[in-house]
Number of protein chains: 2
Amino acid sequence: MERPARRRAPAAISRPIAERRGDADEPTLGVLEGFIGFHLRLAQDASFRSFAQRAGRHDLRPGRFAAMMIIHDNPGINQTALGRLIARDKSTITPLLQGLERQGLVVRRAAANDGRSFVLTLTPAGEATLRELLAQAREHDRKLDEIIGDRKDEFIRLLQRIVQDIG
Amino acid sequence: MERPARRRAPAAISRPIAERRGDADEPTLGVLEGFIGFHLRLAQDASFRSFAQRAGRHDLRPGRFAAMMIIHDNPGINQTALGRLIARDKSTITPLLQGLERQGLVVRRAAANDGRSFVLTLTPAGEATLRELLAQAREHDRKLDEIIGDRKDEFIRLLQRIVQDIG
DNA sequence: TATTGTTATACTCTATAACTATA
DNA sequence: TATAGTTATAGAGTATAACAATA
């Protein structure tokens, strides 16, 4: 018996899965399966969605939360430095802070020593909101901790190394 | 001598770094430092940027590349199944494929057995382009491999577990 | 009734460039 | 000249909902 003729895929990439498993089978990720970058993307996407869902009720998005957290930890920080910490351009920071200020969570005061920059602090309402958000974020990250298990430190170190070395 | 009075941060979160290290110091990530989700976000962002920069010359974006890769590995797949594999809604797939089709990289034929769906395949030009893109992607991922080292399999397994379990 | 794909629409996130004010 | 911040603008990427065609 002769197998039906099929188009051959270029050997340089990989043979189509259909040749090996039959057309009706589950689709496959193929080569992508071995790509760190691909899995990194999917994992971040899944984590983000889970976080956003939990946070939806509190108008919490990762960017807002991270900004508030950093202002809390670095009272008096300016916008450019904040942007550097979360790897975003200053033009991205402006509307983010405008939103937080409009909601009364953040105050921007003119810096005493530099007429160009603003000094950022959380208002008492901002601190209170941050406490709630942090509780949510901790729940989220506790779930990630459970998934990662006892290799958390190493896992984070690898992620940091990606940030530093991928440039 | 009396230390200057400072606003106390709520004990429930953490003390401002400025209290511990002085206002002039480098800003800190504080609590975020221990959050897997935060580092996941930064790492994916850095990886994405590096990939996009390398790819810019070839009009390669992660989404386009992943779609072509999957069509290559699963010739005859339809749009909905493709969307499932990369975790995107079908309405997101439509314009993506229209772009690839307009460039002559992908063909959509009516499915023989189902009048609703399209059968996706790469054109010869698409296969050729994919080969180039794959070379780029491999370089990118080789860099990630170097960074991650001999724990690659475990690292990918953890990322996959996040996707599966975070829900 | 359920599913495939398209369209209309809208929203979030982001950056570049040009600008003002200050250093 | 360089830096902090704003604004105008534009572009990727994404989803929801309503729809037509088909199963």
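Below, read A as the first sequence line, B as the second, and so on, with proteins coming before strands; counting in each chain starts at 1.
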Nearest to side-chain heavy atoms of [X], which nucleotide of [options]:
X        : options               : value
B:Asp89  : D:dT14, D:dT6, D:dT16 : D:dT16
B:Arg108 : D:dT6, C:dT22, C:dT6  : C:dT6
B:Thr92  : D:dT14, C:dT4, D:dG5  : D:dT14
A:Arg116 : C:dA21, D:dG5, D:dA21 : C:dA21
A:Gln79  : D:dT6, D:dT14, D:dT22 : D:dT6

Rounded to the nearest angstrom, tell me the gap between atom [atom1] in [X] and atom [atom2] in [N].
X        : N      : atom1 : atom2 : result
B:Leu96  : D:dT14 : CG    : C1'   : 12 Å
B:Asp45  : D:dG13 : CG    : C1'   : 14 Å
A:Leu120 : D:dA4  : CG    : P     : 13 Å
B:Leu100 : D:dA12 : CG    : P     : 14 Å
B:Gln98  : D:dA12 : CD    : P     : 15 Å
A:Asn78  : C:dT22 : CG    : P     : 16 Å
B:Arg88  : D:dA15 : CZ    : C1'   : 11 Å
B:Ile93  : D:dA12 : CD1   : P     : 17 Å

Practice prompt. Would you name the heavy atoms of B:Leu130 and B:Leu122 that are closest together and state the gap between them?
Written response: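 Looks like CD2-CD1, 3.7 Å.
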Worksheet item: Is D:dA12 in the syn range, within 90° of 0, or in the anti range?
Response: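 D:dA12: syn glycosidic orientation.
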Item to complete: Indicate yes or no: does B:Arg88 engage A:Asp45 in a salt bridge with an N to O separation below 4.0 Å.
Response: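 Judged by the 4.0 Å cut-off on N to carboxylate O distance, B:Arg88 and A:Asp45 do form a salt bridge.
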Worksheet item: When rounded to the nearest 0.5 angstrom, what distance separates CZ in B:Arg109 from CZ in B:Phe118?
Response: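 Taking CZ in B:Arg109 and CZ in B:Phe118, the distance rounds to 11.5 Å.
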Worksheet item: What distance separates B:Leu40 CG from B:Leu159 CG, expressed to the nearest 0.5 Å?
Response: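 Separation between the atoms: 7.0 Å.
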Discussion item. Partner lookup for D:dA12, please. Criteria are Watson-Crick or G-U wobble with both distances under 3.5 angstrom; report none if nothing qualifies.
Written reply: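 Its partner is none (no Watson-Crick or G-U wobble pair with both distances under 3.5 Å).
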Worksheet item: If pairing requires Watson-Crick or G-U wobble contacts with both distances under 3.5 Å, which nucleotide is the partner of C:dT12?
Response: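 Partner of C:dT12: none found under 3.5 Å.
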Practice prompt. For A:Ser91, report the nucleic acid contact type (base, sugar-phosphate, nothing); a contact means any heavy atom under 4.0 Å.
Written response: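 Here A:Ser91 touches the bases of the nucleic acid.
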Worksheet item: Which part of the nucleic acid, if any, lies within reach of B:Thr94 when heavy atoms closer than 4.0 Å are counted: base, sugar-phosphate only, or nothing?
Response: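 Base contact.
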Fill in: Nearest-nucleotide 5' precedence on DNA chain D, A:Pro95 against A:Arg41
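Taking each residue's closest nucleotide, the earlier one in sequence belongs to A:Pro95.
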Worksheet item: How do A:Thr80 and B:Lys90 order along DNA chain D: which one's closest nucleotide is nearer the 5' end?
Response: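 Between the two, 5'-proximity favours A:Thr80.
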Practice prompt. Check the angle between the aromatic planes of B:Phe65 and A:Phe35 and answer parallel, tilted or perpendicular using the 30° and 60° thresholds.
Written response: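 Ring orientation, 0 to 90° scale: parallel.
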Discussion item. Please verify the inter-ring angle class for A:Phe155 with B:Phe155; under 30° counts as parallel, over 60° as perpendicular, anything in between as tilted.
Written reply: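 Judged by the thresholds at 30° and 60°, the geometry between A:Phe155 and B:Phe155 is tilted.
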Worksheet item: Are OP1 or OP2 of C:dT14 and a side-chain N or O of B:Arg49 less than 4.0 angstrom apart?
Response: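 Answer no for this pair, as no side-chain N or O of B:Arg49 is under 4.0 Å from OP1 or OP2.
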